[in-house]
Amino acid sequence: MIVSKLTSKAQTTIPKPIRVALELQPGDELSYEILDGRVVLTKVQQGTTLDDPFRTFEEWHSEADATAYADL
């Protein structure tokens, strides 16, 4: 079992064996899924679209917006 501690600011360091196994690099995005009281941590693959809270706003769904906000 691999463990880490939670700081007072609700932060933790991902232990090295996990970083190596997932090939994590600075800036990588992670997704968290809760399944039966457990958390599944997954590296988000580039180009993968996760839940986008703004996808329902048609007025913000243009090519110009996609270009302008692509690096955010």
Side-chain angles (χ1 to χ4, degrees):
M1 178 184 299
I2 301 169
V3 299
S4 66
K5 288 187 179 183
L6 193 65
T7 69
S8 61
K9 293 184 178 183
Q11 298 173 335
T12 189
T13 298
I14 299 170
K16 186 173 183 176
I18 304 300
R19 295 191 314 265
V20 170
L22 295 179
E23 299 178 356
L24 296 176
Q25 299 296 320
D28 284 346
E29 291 185 330
L30 304 171
S31 69
Y32 300 84
E33 186 175 8
I34 300 172
L35 298 172
D36 298 323
R38 295 175 182 244
V39 176
V40 177
L41 174 70
T42 306
K43 177 181 177 180
V44 175
Q45 299 301 315
Q46 288 184 340
T48 302
T49 303
L50 295 177
D51 288 338
D52 180 1
F54 298 105
R55 71 178 178 271
T56 58
F57 298 118
E58 291 297 323
E59 64 271 19
W60 293 347
H61 190 64
S62 70
E63 186 63 35
D65 291 324
T67 301
Y69 299 110
D71 294 331
L72 295 180

Shortest non-hydrogen contact from P15 toward V3: CG-O, 3.9 Å
Common cluster, V44/L35, ILVMFWY with side-chain heavy-atom separation under 4.5 Å: no
Partners passing side-chain contact (heavy atoms from CB on, under 4.5 Å) against Q11 (at least two apart in sequence or in another chain): T7, K9
Distance, nearest 0.5 Å, that separates NZ of K5 from OG1 of T12: 10.5 Å
L6 reachable from Y32 in the ILVMFWY side-chain graph, under 4.5 Å edges: no
hydrophobic_cluster_shared for V40 and I14, side chain cutoff 4.5 Å: no
Test side-chain contact (heavy atoms from CB on, under 4.5 Å) applied to L22 - qualifying residues, sequence neighbours left out: I18, L24, L41
Between T13 and S4: side-chain donor-acceptor atoms closer than 3.5 Å: no
Neighbour count above 12 (heavy atom, 6.0 Å) for I34 CD1: no
Side-chain (K43) to main-chain (E23) donor-acceptor, under 3.5 angstrom: yes
